[in-house]
Amino acid sequence: MTDNAKKAIKIGAVCFFAYLAVYLARSVLGVVTPAMQAQGFTKDDIGIASSIFFYTYAVGQLVNGAIGDKIKAKYMMGFGLALAGISNILFERFISWNESFAQIPTLAYVAYGATGFFLSMVYGPMTKVVSENTEMPYTTRCSLGYTFAAYFGSPAAGILATIFVWQKVFTVSSVMLIAMAAALMISFTVFERKGIIVYNRFDKDKTERTEGRIKQLFSRQIVKFSIVSILTGIVRTSVIFWLPTYFIERLELSYDSATITFTVASLVISFASFIVIFIYEKIGHNLDKTLLLMFVSSAIFFFATYFVKIPYVNVVLIVLAIMASNGAATMLWSRYCPSLRDTGIVSGVTGFLDFLSYVAAATANIVFPFLIEQRAWPWESVLLIWLSLMLVGVAISLPWKKWSERKN
């Protein structure tokens, strides 16, 4: 094994567990939503909480992504994980201390919003440190690892929900965040001393103005991938969030069956990253073709999900639809973002794209519960919205420029 490979494994392993802790914590509310509803909480209240989280996470990505280009990843990620763990515990405590137990108090909303902001301190700096300290193809492998961790966070939260009552699931996930913060700061300190991590390797030349870097991004399809971020963000975040509720209300599964089904389904979904990288390599490392294939596949599966109502066949179809959409997201986060390392603003660009993703998801988490509660907008109508999103993805993935060049 080469030194580059060993270095990538060390950095990738720490990033994997750090991001697993992030996604475990942020997946908890969606997993325990049915249990909270059973105690009197409404979809609207839970939807507002999740939307606040996503909005603060989105704004945090924009702010912390830019800061992450200036401050060491060790500090950004470590303090982000620790502070998120503390605020996540406070969220559960504020709910439990409230006399009207089935109502989420204002302080709980504030605490959960803080959780979102602090968790946003992790992704941009992490992508920057990986892109600057690993070489291809190990850069893609590292980013693939923590992308997998993001998808694996949901089944991990589902497993906790089958073991603990919903309040304890928040507590356990918070403790894991704080423990991971300590482990990361110790690991990165050791890596720095051994020369495994060196900061700002590709930002030594300060003569290039920021305006020039931004112009360079347009030549690298930043507009196209901004749209990809928005579309896949809704599916990988908001659709996943409401999946347990979908299983109960549209497929009429019991709470226990829905929880187990969600855990298994999200575990399967977590392997989408590995599958799409395999496909990407088999079709000649063609990013555009892989994106198109993923969006087309997702649209087909969502279309089939609309018509098939046999519960577990429907589960398979919607899982395949989400996996295909997540495959497009994997191309964005594991291939496109790390490829920008020579711009010197990887953290900032990654934060910007994640900002778009979560603003879209937060908006969807307000719209979806409102539509679901209205008889005129049953789950079938929501499925059509999800299908439409994937069709937009198909449209923006088509080789329009190449066709126009052939025509001319």
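Predicted model only: the values in this text are computed from it and were never measured.
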Nearest heavy atoms of Thr330 and Ser273, plus distance in Å: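 Scanning both residues, the minimum pair turns out to be OG1-OG, 3.3 Å.
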
What pair of heavy atoms forms the shortest contact from Gly348 to Asp69, and how long is it?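 Scanning both residues, the minimum pair turns out to be N-OD2, 2.9 Å.
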
Atom pair [atom1] ([X]) and [atom2] ([Y]), whose distance is rounded to the nearest 0.5 Å:
X: Ile196; Y: Thr134; atom1: CD1; atom2: OG1; value: 12.5 Å
X: Tyr255; Y: Thr245; atom1: OH; atom2: OG1; value: 10.5 Å
X: Tyr123; Y: Met76; atom1: OH; atom2: CE; value: 14.5 Å
X: Ile89; Y: Phe94; atom1: CD1; atom2: CZ; value: 11.5 Å
X: Phe53; Y: Tyr109; atom1: CZ; atom2: OH; value: 15.0 Å

Residues two or more places apart in sequence or in another chain: which of them pass side chain to side chain contact (heavy atoms under 4.5 Å, CB included) with Val63?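 Testing Val63 for side chain to side chain contact (heavy atoms under 4.5 Å, CB included), a comparison that skips the adjacent residues, returns Val59, Ile67.
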
Side chain to side chain contact (heavy atoms under 4.5 Å, CB included) partners of Ile300, counting only residues at least two apart: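 Partners of Ile300 under the side chain to side chain contact (heavy atoms under 4.5 Å, CB included) test: Val296.
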
Could you check whether any side-chain N or O of [X] sits under 3.5 Å from a backbone N or O of [Y], counting only pairs where one atom can act as donor and the other as acceptor?
X: Asn326; Y: Ala329; answer: no
X: Ser298; Y: Met294; answer: no
X: Ser388; Y: Leu384; answer: yes
X: Ser131; Y: Pro338; answer: no
X: Asn314; Y: Thr305; answer: yes

Any side-chain heavy atom of [X] sitting closer than 4.5 Å to one from [Y]?
X: Lys128; Y: Thr350; result: no
X: Arg250; Y: Leu383; result: yes
X: Ile46; Y: Gln37; result: yes
X: Glu252; Y: Phe247; result: no
X: Cys337; Y: Leu353; result: yes
X: Ser229; Y: Trp333; result: yes

Does Arg26 make a cation-pi contact with Tyr23, if we ask for NZ or CZ under 6.0 Å from the ring centre and within 45° of the axis?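 Ring-cation test returns yes.
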
Does a side chain donor of either [X] or [Y] reach within less than 3.5 Å of an acceptor in the other side chain?
X: Ser87; Y: Thr115; value: yes
X: Gln39; Y: Trp166; value: yes
X: Ser325; Y: Thr232; value: no
X: Thr363; Y: Tyr55; value: yes
X: Glu192; Y: Tyr199; value: yes
X: Asn64; Y: Ser120; value: yes

For atom [atom1] of [X], is the number of surrounding heavy atoms from other residues, nucleotides or ligands below 6.0 Å larger than 12?
X: Phe274; atom1: CZ; answer: yes
X: Glu281; atom1: CD; answer: yes
X: Phe17; atom1: CZ; answer: no
X: Ile310; atom1: CD1; answer: no

Could you label the plane-to-plane angle of the Phe170 and Tyr112 rings as parallel, tilted or perpendicular, counting under 30° as parallel and over 60° as perpendicular?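 Phe170 and Tyr112: perpendicular rings.
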
Could you tell me which residues satisfy side chain to side chain donor-acceptor pair (under 3.5 Å) with Ser173, sequence neighbours excluded, listed by chain and number?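 Scan of Ser173 (side chain to side chain donor-acceptor pair (under 3.5 Å), adjacent residues dropped) gives Asn88.
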
Apply side chain to side chain donor-acceptor pair (under 3.5 Å) to Lys224 and list each qualifying residue two or more places apart in sequence or on a separate chain.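 Partners of Lys224 by the side chain to side chain donor-acceptor pair (under 3.5 Å) criterion, ordered by chain and then number, come out as Asp288.
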
Of all residues at least two apart in sequence or in a different chain, which pass the salt bridge (charged side-chain N to carboxylate O under 4.0 Å, His left out) check with Arg236?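 Here the qualifying residues are Asp354.
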
Output yes when Lys168 and Glu92 qualify as a salt bridge under the 4.0 Å nitrogen-oxygen rule, no when they do not.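 A salt bridge is absent here (no side-chain N lies under 4.0 Å from a carboxylate O).
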
By ring pair (Phe, Tyr, Trp, His ring centres under 6.0 Å), which residues pair with Tyr280, not counting sequence neighbours?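 Here the qualifying residues are His285.
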
